[in-house]
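Working notes for the structure below.
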Amino acid sequence: QIEFCSTLILNKADKVTPEQMSELKAIVRSLQKEAVIVEATRGDVPMSELLDTNRFDFEKAYNSAAWVDAMEHPEEHDDPEVLEYGITTFVYDRRKPFDIEALGEFARTWPKSIIRAKGILWTTHDPDERYLFEQAGSQISLTETGPFVAAMDEEDRAKELAASPELEADWDAELGDRGTRICFIGRQMDRSALEAGLDACLTEWK
């Protein structure tokens with residue numbers, strides 16, 4: 001909900017210190033970089049911030065999620081506003097499929113430092129299918145999103161490649177577009193340990 005919004009109300013602002021409020025805003029910005037943030041006490045919010053704002057645009061709201069920005073611009077995603085509080089983002093990008101059971105076991109042990117994880121997952125149990133992997137807090141989900149372009153028949157593959165020229169830039173001669181690309185957002189994350197744990201869940205594709 002934070003990722004997909006144009007206005008966000010932080011209620012009970014009187015219950016936290018200015019430093020805590022700044023930290024909370026930084027966490028919000030690590031998930032949603034453009035929404036208007038409004039501080040409120042006892043739900044007292046000016047109607048002008050809620051009605052007829054003309055702020056919401058589906059495409060803009062979707063693309064303002066921090067994980068989307070990190071996927072598209074991995075080299076320039078960390079904002080000084082969030083870095084101040086140890087909040088960082090990185091994209092895990094691999095061309096080997098996951099053993100889904102091993103990944104499930106590992107994901108259940110993830111530290112609380114991981115705020116959000118979202119991206120495309122490649123698995124050995126269904127190597128032609130793209131899965132959307134999502135984690136927020138203790139909730140983890142895996143959703144089918146359709147086949148990788150490389151797994152489509154020749155006609156459909158040609159249509160997809162023509163419609164999405166960016167696919168060719170990352171196209172592998174053997175694997176096509178198969179692969180895993182997950183954005184991680186967290187606070188004081190041990191990136192090396194996390195990547196090592198994820199790598200241990202990868203297998204070879206035959």
Side-chain angles (χ1 to χ4, degrees), residues 1-5 8 10 20 23-33 35 61-74 77-79 82-148 150-151 170 172 175-206:
Q1 290 175 330
I2 292 176
E3 289 175 352
F4 197 72
C5 73
L8 191 141
L10 295 180
Q20 289 172 322
E23 186 175 354
L24 181 58
K25 286 182 178 179
I27 293 172
V28 168
R29 286 294 177 224
S30 75
L31 298 169
Q32 164 53 254
K33 58 189 176 68
Y62 178 83
N63 288 306
S64 64
W67 73 271
V68 175
D69 185 56
M71 288 290 214
E72 295 178 351
H73 309 286
H77 50 262
D78 285 327
D79 188 316
V82 302
L83 286 173
E84 179 182 352
Y85 295 96
I87 301 169
T88 56
T89 303
F90 77 92
V91 176
Y92 177 83
D93 196 342
R94 297 292 188 273
R95 286 287 190 165
K96 289 184 178 181
F98 274 100
D99 178 316
I100 200 66
E101 292 185 3
L103 177 62
E105 287 296 321
F106 178 60
R108 282 189 281 273
T109 69
W110 280 358
K112 293 182 179 180
S113 60
I114 300 173
I115 298 171
R116 186 77 162 107
K118 187 171 183 176
I120 295 300
L121 188 74
W122 182 27
T123 72
T124 52
H125 86 284
D126 195 356
D128 289 340
E129 184 73 23
R130 282 166 48 104
Y131 284 89
L132 177 64
F133 177 87
E134 294 192 76
Q135 176 265 334
S138 61
Q139 296 183 335
I140 298 174
S141 65
L142 201 61
T143 308
E144 294 182 6
T145 63
F148 284 104
D170 294 323
D172 182 87
L175 305 176
D177 60 329
R178 292 184 180 90
T180 288
R181 203 153 189 258
I182 302 174
C183 174
F184 286 90
I185 301 172
R187 185 178 183 189
Q188 308 296 350
M189 286 188 297
D190 186 338
R191 176 175 176 173
S192 296
L194 181 55
E195 289 186 315
L198 290 167
D199 287 346
C201 300
L202 296 173
T203 61
E204 296 295 333
W205 186 56
K206 300 177 181 179

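Values reported hereafter were calculated over all heavy atoms of this structure, with side chains retained and with hydrogens, waters and symmetry mates removed. Worth saying up front: this structure is predicted, and the values here are computed from it rather than measured.
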Please report the interatomic distance [atom1]([X]) to [atom2]([Y]), rounded to the nearest 0.5 Å.
X	Y	atom1	atom2	answer
Asp199	Tyr92	CG	OH	3.5 Å
Leu31	Lys118	CG	NZ	11.0 Å
Leu142	Asp126	CG	CG	10.0 Å

(request) Let me see the working for Leu24 and Tyr85 under side-chain contact (heavy atoms from CB on, under 4.5 Å), right down to the final yes or no. (result) CA-CA 10 Å; Leu24 181 58; Tyr85 295 96; over 6 Å; no

Could you tell me whether the side chain of [Y] reaches within less than 4.5 Å of the side chain of [X], counting heavy atoms only?
X	Y	answer
Phe148	Ile120	yes
Tyr131	Thr180	no
Asp172	Arg95	yes
Thr88	Leu83	yes
Arg116	Glu134	yes
Ser30	Thr89	no

(request) Given side-chain contact (heavy atoms from CB on, under 4.5 Å), test Ile182 with Leu198 step by step and report yes or no. (result) CA-CA 11 Å; Ile182 302 174; Leu198 290 167; 5.8 Å; no

Smallest separation among heavy atoms of [X] and [Y], with atom names:
X	Y	answer
Ala102	Cys201	O-SG, 3.5 Å
Ile140	Gln135	CG1-CG, 3.8 Å
Ile100	Thr123	CD1-CG2, 3.7 Å
Lys96	Thr203	CB-O, 3.6 Å
Gly186	Met189	N-CE, 3.4 Å
Val91	Arg191	O-NH2, 4.4 Å

Has [X] got a side-chain atom pairing as donor or acceptor with [Y]'s backbone, closer than 3.5 angstrom?
X	Y	value
Arg178	Asp128	no
Thr145	Leu132	no
Arg29	Ala35	yes
Asp177	Ala150	yes
Glu129	Gly146	yes

(request) Answer yes or no: does atom CD of Gln20 have more than 12 heavy-atom neighbours from other residues, nucleotides or ligands under 6.0 Å? (result) yes

(request) For residues 183-206, pull every pair meeting ring-ring contact (aromatic ring centres under 6.0 Å, His included), keeping only residues two or more places apart or in separate chains. (result) Phe90-Phe184, Trp110-Phe184, Trp122-Trp205

